[in-house]
Structures are given as C-alpha cells and as structure tokens.
Amino acid sequence: MSTICLWPTIEIITMLQRIQSVYLGIIGIAMLFFLRLVWPIIGEVSRGDVCHAGRLLYSFSIAAVCLACFSIILTAYAIKRHDNRQLQFRLVCGLLLMLFLLTLLNVLCIYIQPASKWTYSLLCLISVGVFPLLAMYRIRKDDRLVRDDHLR
C-alpha cells in the first residue's frame with residue numbers, strides 16, 4: 001500500500017490561512033492590474049515624438065514597469081516565507097517602499113503628461129497602499145502571539 005503525501009498541500013493551506021498572505025495577494029493582483037494599465041502607455045510614448053519630455057516619460061514608464069515587476073516577485077516571496085516572520089516583515093517594509101516609489105514616479109508622469117491614463121494607475125496605487133500596513137500589523141501580531149506562547 002502506498003501512502004499519499006499531503007505535505008505540499010498542507011503547506012499551501014497553512015500559507016493561505018494567514019491573513020497577511022491575503023493582504024499580500026491583493027497587492028500582487030493590484031500590481032498586475034497596474035502593469036496592465038501602464039504597458040499600453042509605454043507603446044504610445046515610444047511611438048510618439050522624441051522631445052525631451054517624451055524621453056523622460058518613457059524612462060519613467062520603464063522604471064515603473066520594472067518596479068512593479070519586482071514588487072510582484074517580492075510579494076510572492078513574502079507569501080512563501082510565511083514561516084519566518086522577521087524576514088516577512090522586512091520584505092513587506094521593502095514592498096511598502098517600492099509602492100511609495102511607484103506612486104512618486106506616477107505623480108511625476110502625471111506632471112509631465114497631465115491628461116493620460118496615469119491617473120487610473122495612481123488610483124490603483126493609492127487604493128492598494130493600505131494593504132502593506134495591514135500585513136505588517138498582522139505579522140507583528142502573529143509574532144507577539146508566538147512569543148507570548150499563546151498558540152501552544
């Protein structure tokens with residue numbers, strides 16, 4: 001008789017039971033939505049004029065896409081590292097910093113080209129900005145529970 005190994009499924013269920021994983025998942029989905037909004041803008045800017053503002057907007061757009069892709073990777077890694085709360089907290093702090101940089105880049109792009117699709121992506125970033133703070137709160141709360149030995 002062979003036994004079925006349930007260890008990977010148990011680990012995935014444990015990962016998804018933590019509320020901070022849900023918050024981080026929302027951030028990852030929002031970053032995918034942000035990429036969907038920003039990617040057509042890069043095509044429009046690259047086909048447009050080659051003035052200084054166009055080149056600056058193109059470089060800001062590429063930087064925003066790179067930051068968004070890196071934040072998606074960081075979010076997935078933070079969800080995977082649910083067992084190490086200190087590392088997960090530092091990863092979420094880095095993610096919060098990247099979201100702030102993305103928002104700053106987005107505001108600069110709106111300043112360069114006021115009537116554009118950048119306003120929708122700014123709304124996306126502002127609406128998702130509270131979730132890293134909620135995830136950090138829940139990670140700290142889990143850490144306190146484990147340290148106080150209430151879970152055992």
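Residues take their numbers from the sequence shown, with the count starting at 1. Owing to the predicted nature of the structure, the values given are computational and were not obtained by experimental measurement.
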Could you tell me if the side chain of [Y] sits less than 4.5 Å from the side chain of [X], heavy atoms only?
{"X": "Leu24", "Y": "Leu95", "answer": "yes"}
{"X": "Cys69", "Y": "Val65", "answer": "yes"}
{"X": "Met31", "Y": "Thr75", "answer": "no"}

Considering all heavy atoms, the nearest Gln88-Arg81 contact: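 For Gln88 and Arg81, the tightest heavy-atom pair comes out as CB-O, 3.8 Å.
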
Examine [X] and [Y] and state if one hydrophobic cluster contains both, with Ile, Leu, Val, Met, Phe, Trp and Tyr joined whenever side-chain heavy atoms are less than 4.5 Å apart.
{"X": "Ile110", "Y": "Phe100", "value": "no"}
{"X": "Ile27", "Y": "Leu32", "value": "yes"}
{"X": "Ile29", "Y": "Ile73", "value": "no"}
{"X": "Ile62", "Y": "Leu108", "value": "yes"}
{"X": "Leu101", "Y": "Phe60", "value": "yes"}

When rounded to the nearest 0.5 angstrom, what is the spacing between [atom1] in [X] and [atom2] in [Y]?
{"X": "Leu125", "Y": "Met98", "atom1": "CG", "atom2": "CE", "answer": "12.0 Å"}
{"X": "Ser71", "Y": "Leu35", "atom1": "OG", "atom2": "CG", "answer": "7.5 Å"}
{"X": "Tyr77", "Y": "Phe70", "atom1": "OH", "atom2": "CZ", "answer": "11.0 Å"}
{"X": "Lys80", "Y": "Leu91", "atom1": "NZ", "atom2": "CG", "answer": "13.5 Å"}
{"X": "Ile19", "Y": "Ile139", "atom1": "CD1", "atom2": "CD1", "answer": "12.0 Å"}
{"X": "Asn106", "Y": "Phe34", "atom1": "CG", "atom2": "CZ", "answer": "5.0 Å"}

What's the verdict on salt bridge (charged side-chain N to carboxylate O under 4.0 Å, His left out) for Arg144 and Asp148, showing C-alpha distance, side-chain angles and the deciding distance? CA-CA 6 Å; Arg144 267 188 273 126; Asp148 291 341; over 6 Å; no

Heavy-atom neighbours of Phe33 CZ exceed 12 at 6.0 Å: no

Could you give the side-chain donor-acceptor pairs of residues 126-136 under 3.5 Å, partners two or more places apart or in another chain?
residue : atom : partner : partner atom : Å
Ser127  : OG   : Leu123  : O            : 3.1
Ser127  : OG   : Cys124  : O            : 2.9

By side-chain hydrogen bond (donor to acceptor under 3.5 Å, both in side chains) - contacts of Gln20 (at least two apart):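 Asp142.
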
